[in-house]
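Handing you this structure, nothing more for now.
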Amino acid sequence: EPAKARFLQKGLRHTLDNANALITDSEFTRQELASFSGWPLEKIHAIPLASSPEFHPRGESEVWPVINKYDLNYRGYTLYVGTIEPRKNLGRLLDAYGRMPLELRRRWPLVLSGYKGWRSDEIHLRVRDAERQGWARYLGFVPAAELPLLYAGARVFVFPSLYEGFGLPVLEAMSSGVPVICSNSSSLPEVAGNAALMSEPLDVVGMSENLAYGLQNDAWRDQAIARGMERAQSLSWGRCVRGTIAVYRRFD
């Protein structure tokens, strides 16, 4: 949104004029900020985030109250969590899902959760059409207490975003023991490591092939769950805190 962008640019300029150092949550953002601002890289520090402890693997009985509320089946849906807005690339996600056989889509429908963002009317129209065909659901904003259970009950998590400063939902999905299919844009390869199936965000065919493979290939799913859990455990809040303190101690 133009007004929001102008506000953020003004705030960033004030920060750049007054800060001793900058902390970003990804190397991608660190490099981008140095290029944008002219700040030297050695004064910008990338310290990754972590997921909250409530995001962890859960059995069917534990997630049942939430998935039953939304009329979903355990390990029976593809999940997207995030704002419904152009940056999230959901039009191409719907294109990619629509390329799969209808039987596959109805067996494992695409479930979207998140705020209705700007310029999202067309996406919502398309989702409603897919709902009528039986292969998509829009849940709106899911309460924070329910979200970890919604993650843990998913068959795969999909995140096709065009641009992310970090991509926390990918980390939350991996922490939940859910295989991830995402785009290879911006910071997402840093977050996902070798655990996810990735494609170019504009590559609808590649995204569709990854979805079909990820939904049907149990051997890959087992491998992706193990790698994702390992990756998520390496990105801890302890590591984040230690890195942040180390930056501040430079100015004691």
- Query: Is there side-chain contact between Val142 and Tyr70, with at least one heavy-atom pair below 4.5 Å?
  - Reply: yes
- Message: I'd like to know if the side chain of Ser120 reaches the main chain of Ile123, judged simply by a donor and an acceptor atom lying under 3.5 Å from each other, with no hydrogens or angles considered.
- Response: no
- Do other residues, nucleotides or ligands put more than 12 heavy atoms under 6.0 Å from Glu131 CD? yes
- Item | Minimum side-chain heavy-atom gap Pro148-Glu172 below 4.5 Å | no
- Verdict with supporting geometry, Val156 and Arg221, side chain to side chain contact (heavy atoms under 4.5 Å, CB included): CA-CA 8 Å; Val156 299; Arg221 287 169 39 73; 4.0 Å; yes
- Rounded to the nearest 0.5 Å, how far does CG of Asp25 lie from NE2 of His45? 14.5 Å
- Message: Does Lys10 form a side chain to side chain contact (heavy atoms under 4.5 Å, CB included) with His14? I'd like the steps, not just the answer.
- Response: CA-CA 6 Å; Lys10 184 178 179 181; His14 177 76; over 6 Å; no
- Task: Examine distances only and state if a side-chain atom of Asn68 and a backbone atom of Trp64 form a donor-acceptor pair shorter than 3.5 Å.
- Result: no
- Query: Can you check whether Leu94 reaches Trp135 side chain to side chain, under 4.5 Å on heavy atoms?
  - Reply: yes
- Message: Between Leu41 and Leu22, is there shared hydrophobic-cluster membership here, with clusters defined by ILVMFWY side-chain heavy atoms closer than 4.5 Å?
- Response: no
- Query: If we ignore angles and hydrogens, is there a donor and acceptor under 3.5 Å between the side chains of Tyr115 and Glu85?
  - Reply: no
- Query: Where is the tightest heavy-atom contact between Ile67 and Tyr74, given as atom of each residue plus distance?
  - Reply: CD1-N, 3.4 Å
- Do you know which two heavy atoms are closest between Ala96 and Ser208, and how far apart they sit? O-OG, 2.8 Å
- Message: According to a hydrophobic-cluster definition based on side-chain heavy atoms being under 4.5 Å apart (Ile, Leu, Val, Met, Phe, Trp, Tyr only), do Val180 and Ile225 belong together?
- Response: no
- Query: Honestly curious: do Met174 and Tyr213 fall in one hydrophobic cluster under the side-chain, below-4.5 Å linking rule?
  - Reply: yes
- Residue pair Arg126, Asp121: steps toward the salt bridge (Lys or Arg N to Asp or Glu O under 4.0 Å) verdict: CA-CA 9 Å; Arg126 292 189 58 187; Asp121 289 347; over 6 Å; no
- Task: Look at atom CD of Glu230 and say whether more than 12 heavy atoms of other residues, nucleotides or ligands are closer to it than 6.0 Å.
- Result: no
- Report yes if the side chains of Leu79 and Val178 come closer than 4.5 Å at any heavy-atom pair, otherwise no. no
- Message: Let me confirm one number: the CD-CZ distance from Gln9 to Arg13, rounded to the nearest 0.5 Å.
- Response: 10.0 Å
- Message: When you compare the side chain of Leu235 with that of Leu49, does any pair of heavy atoms fall below 4.5 Å?
- Response: no
Identify every side-chain donor-acceptor pair in residues 198-207 under 3.5 Å, counting partners at least two apart or on other chains, and give the distances.
| unit_1 | atom_1 | unit_2 | atom_2 | d |
| --- | --- | --- | --- | --- |
| Glu200 | OE2 | Asn184 | ND2 | 3.2 |
| Asp203 | OD1 | Val205 | N | 3.4 |
| Asp203 | OD1 | Gly206 | N | 2.9 |

- Please, which pairs that meet ring pair (Phe, Tyr, Trp, His ring centres under 6.0 Å) have at least one residue in residues 164-188, sequence neighbours excluded? none
- Query: Would you say Ser35's side chain and Glu32's backbone share a donor-acceptor pair under 3.5 angstrom?
  - Reply: no
- So, the side chain of Ser176 versus the backbone of Ala152: is there a donor-acceptor pair under 3.5 Å, distance only? no
- Message: Taking the side chain as everything from C-beta on, heavy atoms only, tell me whether Leu139 gets closer than 4.5 Å to Leu112.
- Response: no
- Query: With side chains defined as the heavy atoms from C-beta onward, is the minimum distance between Pro160 and Leu90 less than 4.5 Å?
  - Reply: yes
- Query: What distance separates Glu62 CD from Leu149 CG, expressed to the nearest 0.5 Å?
  - Reply: 6.0 Å
- Out of curiosity, Arg87 CZ to Leu162 CG, how far, rounded to the nearest 0.5 Å? 9.0 Å
- Message: Run Lys88 and Glu164 through salt bridge (Lys or Arg N to Asp or Glu O under 4.0 Å) and show every step you take.
- Response: CA-CA 9 Å; Lys88 301 299 188 176; Glu164 292 293 327; 2.7 Å; yes
- Side chains of Thr24 and Thr29: donor-acceptor distance under 3.5 Å anywhere? no
- Any sub-3.5 Å donor-acceptor pair from Arg137's side-chain atoms to Leu110's backbone N or O? no
- Please identify each residue that fulfils side chain to side chain donor-acceptor pair (under 3.5 Å) with Arg92, with sequence neighbours left out. Asn89
- Item | Cationic N near anionic O, under 4.0 Å, Arg99 to Asp95 | no
- Could you list all the ring pair (Phe, Tyr, Trp, His ring centres under 6.0 Å) pairs where at least one residue sits in residues 16-42, not counting sequence neighbours? Phe28-Tyr163
- Query: Which pairs, with at least one residue in residues 225-252 and sequence neighbours excluded, count as a ring pair (Phe, Tyr, Trp, His ring centres under 6.0 Å)?
  - Reply: none
- Looking only at heavy atoms, what is the nearest atom pair of Gly114 and Ile84, with distance? O-CG1, 4.2 Å
- Can the positive tip of Arg155 be found less than 6.0 Å from the middle of the six-membered ring of Trp108, inside 45° of the ring normal? yes
- Item | Connected-component partners of Leu8 among ILVMFWY, side-chain separation under 4.5 Å | Phe7
- Message: Give me the atom names and distance for the closest heavy-atom approach of Leu197 to Asn210.
- Response: CD1-O, 3.6 Å
- Query: Under 4.5 Å between any side-chain heavy atoms of Phe157 and Pro179, yes or no?
  - Reply: no
- Whether Tyr138 and His124 hold their rings parallel, tilted or perpendicular, with breakpoints at 30° and 60°: perpendicular
- What is the distance from atom CZ of Arg239 to atom OG1 of Thr244, rounded to the nearest 0.5 Å? 11.0 Å
- Item | Under 3.5 Å donor-acceptor, Glu190 side chain and Glu27 backbone | yes
- Under 3.5 Å: donor-acceptor pair, side chain of Thr78, backbone of Val158: no
- Message: Would Ser175 and Tyr151 count as a side chain to side chain donor-acceptor pair (under 3.5 Å) here? Give the steps.
- Response: CA-CA 9 Å; Ser175 300; Tyr151 269 99; over 6 Å; no
- Query: Okay, side chain of Arg75, backbone of Ala154: is any donor-acceptor separation there less than 3.5 Å?
  - Reply: yes
- Query: Is Arg227 reaching over with its side chain to a backbone N or O of Ala196, donor-acceptor style, under 3.5 angstrom?
  - Reply: no
- Query: Quick one: CG on Leu188 to OG on Ser183, what's the gap to the nearest 0.5 Å?
  - Reply: 4.5 Å
- Met100 and Arg105: which non-hydrogen atoms are nearest, and at how many Å? O-NE, 2.8 Å
- Closest non-hydrogen atom pair between Phe159 and Gly167, with its separation: CE2-CA, 4.3 Å
